[in-house]
There are 2 protein chains.
Amino acid sequence: MSATMRDVARAAGVSVKTVSNVVNDFPHVAATTRSRVLEAIEHLGYQMNFSARNLSLGRTGMITLAVPELSLPYFAALSDEVIDAASERGYTVLIEQTGGQRERELEVLVSARRRMTDGLIFSPLALRGPDAPTLEVEFPVVLLGERSLHSRVPHVAMANVDAARAVTEHLLALGRRRIALVGTFDPQGAGAGSLRTRGFLEALTAAGLEHPPALVGPAEAWTRTTGAEAMRGLLDGGEPFDAVFALNDVLALGAMRVLYERDVVVPDAVAVAGFDDIEEGRFARPSLTTVAPGLPQIARTAVELLVERLTAEAGAVDGPGLEVVADFTMQPRESTLGRAPRPSP
Amino acid sequence: MSATMRDVARAAGVSVKTVSNVVNDFPHVAATTRSRVLEAIEHLGYQMNFSARNLSLGRTGMITLAVPELSLPYFAALSDEVIDAASERGYTVLIEQTGGQRERELEVLVSARRRMTDGLIFSPLALRGPDAPTLEVEFPVVLLGERSLHSRVPHVAMANVDAARAVTEHLLALGRRRIALVGTFDPQGAGAGSLRTRGFLEALTAAGLEHPPALVGPAEAWTRTTGAEAMRGLLDGGEPFDAVFALNDVLALGAMRVLYERDVVVPDAVAVAGFDDIEEGRFARPSLTTVAPGLPQIARTAVELLVERLTAEAGAVDGPGLEVVADFTMQPRESTLGRAPRPSP
DNA sequence: TTGTATGCGTTATCAC
DNA sequence: GTGATAACGCATACAA
């Protein structure tokens, strides 16, 4: 089929080793030899066989990124950043979608597909504490998420609690006192939702407020659609509220849509805040107050940590449960502040 | 390191070939032998080495999907669908981002990374007619886009012209007569933008209308930000218009945001329509009228065509420039129809 | 600086 | 049904 190194070697009148040296930019190759080889490569249209190289090297130069779903803007943006960061370091990214289902998340760790890559950046959604041992695999893994899940796997976390508290404090500072929560209410859990809920409750408590159970709009999956459903439930429930904290931006956008449909003015009647700072929120009407969890930092750090482990001497000991927490930034916008005053005509 | 087939063979007291047979579910293996091998596999925690298998098989079971950018909702949704469709057929997808830059699009065709996969699904943005020969590569390619670009490469296209005409007719049917275009105005070109522009102009011509050059809001890249800029330009230009056709949804959403900021009511003063039917548009305020290009069909067809070529007998002749055009569906919503009447309280 | 020989782990061929 | 053995194409000691 396609030309091999041997063909090139033959054509250039050198050995395979020399061709290999040229292809891999080894320093000690005579200029004339090099050019002769390059010429043969050009002439034959030689392309390296990566399967052979990978087999010989014992590595593939690929890493897996496992996310719930690419259609969710946050994970699309995450993938974008991870791909670029990995590319800069010479790695190629293979994306696996889990749908946020526990079964498929567990599957990622043992799947045939996973074995085609050198390591894994994993953003689990449904995995719980008891699943932690499953993460103790023999290939390098970097987790995106909370320490609680995994004892010894390095991970890059958001400041979920602090950021959620900041958002809630922002709502409180605006005088809102009855803040509904949109998303799963589970302050005891280990996932991002639970942590954000804890930050939310902490802020309320610090302000001397209680959170009425009726002010929860539950949403199993975090999508615009479930956010909308949750908001319908809240409005139909009759328990009054003057603000909404949605556990992420798409939930918030779904909720805002329903508020619009029900003629509830944002932020006058109800202020809305989300979490993630997806670009969509900046263009929403009203633009969405949210908190930026430091996505670029998260993506780059995750890639760095993984590559570090991939290139580490085989004997290198795993650092004990390294944790990196990204910096967050509040992004107050119209959905809580109201519309900027227009210059009068 | 990890156990190999030979280790398993030794442990089970059989030959490597037998292990291979078991692993690959070959029919002619004695039940007792099979279970013995499986036990050894379990015991040793054997995992197949894919680089070795790929080398031996001469294929990798991976395909490349090259898109401009995952952060753009349309391409995120496309990737989502392609990954799932490929997965169903036993293929893994490796995503390449081109940024819509010609350089990087050309690079995709020859990059080292590409050589790790068996084929390519390519959604080019900047490639032009003269680049067509570059697409004549020796590995299977399926293009997402227009025939014009490529003479002989199979491709899956949208009904860009027809769909754009339908959207424009929708605006005309609502009585709009001065329709601004947001996006690149280039009716002569070969890309999706040009085709949509042609459909747009066709509808206008059929209605006996001309399109004033001033009613173009140019946007090189198709993003919310450039859509917003384009709309600012249109409004500042002073040429009055009562509708906007944006060449895609994110452009439309960016434009709608600026209309809001400038107190131009949609659709009362200006109706807005887009193209792509991204989910975001359904939740926008007002919800965005658009046209659905048949994304699932496009993704599945592309994967099917590629897999077909990958599995075809080596001798099989390439069908001459096969073209599949997906079905489109108008999605009229609030941004042109106005808000559905609310039941009075 | 360059060549030779061997191994990487799997599949395929063909006997048995 | 199962086993020995030769590819697959490249990298890499080690030798020259």
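Computed over heavy atoms, backbone and side chain alike; hydrogens, waters and symmetry mates excluded. Chain A is the first sequence line, chain B the second, and so forth, proteins listed ahead of strands; every chain is numbered from 1.
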Exercise for the section: Have a look at Val19(A) and say if it touches a base, only the backbone sugar-phosphate, or nothing, with a 4.0 Å heavy-atom cut-off. Expected result: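 Val19(A): no heavy atom of the nucleic acid under 4.0 Å.
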Problem - OP1 or OP2 of dT4(C) under 4.0 Å from side-chain N/O of Ser15(A) - result: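 For Ser15(A), the contact criterion (side-chain N or O under 4.0 Å from OP1 or OP2 of dT4(C)) is not met.
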Problem - Glu138(A) atom CD: more than 12 heavy-atom contacts under 6.0 Å - result: yes
Practice task
Report, as yes or no, whether the 6.0 Å neighbourhood of atom CD on Glu39(B) holds more than 12 heavy atoms from other residues, nucleotides or ligands.
Solution key: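 At most 12 heavy atoms, drawn from other residues, nucleotides or ligands, come within 6.0 Å of this atom.
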Problem - salt_bridge(Glu96(B), Arg114(B)) N-O dist < 4.0 Å - result: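 No.
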Within this structure, what is the [atom1]-to-[atom2] distance between [X] and [N], rounded to whole angstrom?
X: His28(A); N: dT12(D); atom1: NE2; atom2: C1'; result: 15 Å
X: Arg59(B); N: dG9(D); atom1: CZ; atom2: P; result: 16 Å
X: Asp7(B); N: dC8(C); atom1: CG; atom2: P; result: 11 Å
X: Asn54(A); N: dA11(D); atom1: CG; atom2: C1'; result: 12 Å
X: Ile41(B); N: dG9(C); atom1: CD1; atom2: P; result: 16 Å

Handout entry: Any Ile83(A) side-chain heavy atom under 4.5 Å of Ile95(A) side chain
Key = yes
Practice task
Hey, could you give me the CE/OG1 distance between Met116(B) and Thr60(B), rounded to the nearest 0.5 Å?
Solution key: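 These two atoms lie 9.0 Å from each other.
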Practice task
Heavy atoms under 4.0 Å is the rule here; annotate nucleotides 10-16 of chain C 5' to 3' with B where the base is hit, S where only the sugar-phosphate is, and - elsewhere.
Solution key: BBBB---
Fill in the blank from the handout: Taking for Leu55(B) and for Ala30(B) the nucleotide of DNA chain D with the nearest heavy atom, the one nearer the 5' end belongs to Ala30(B)
Problem - Under 3.5 Å: donor-acceptor pair, side chain of Arg115(B), backbone of Val110(B) - result: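 Checked: pair present.
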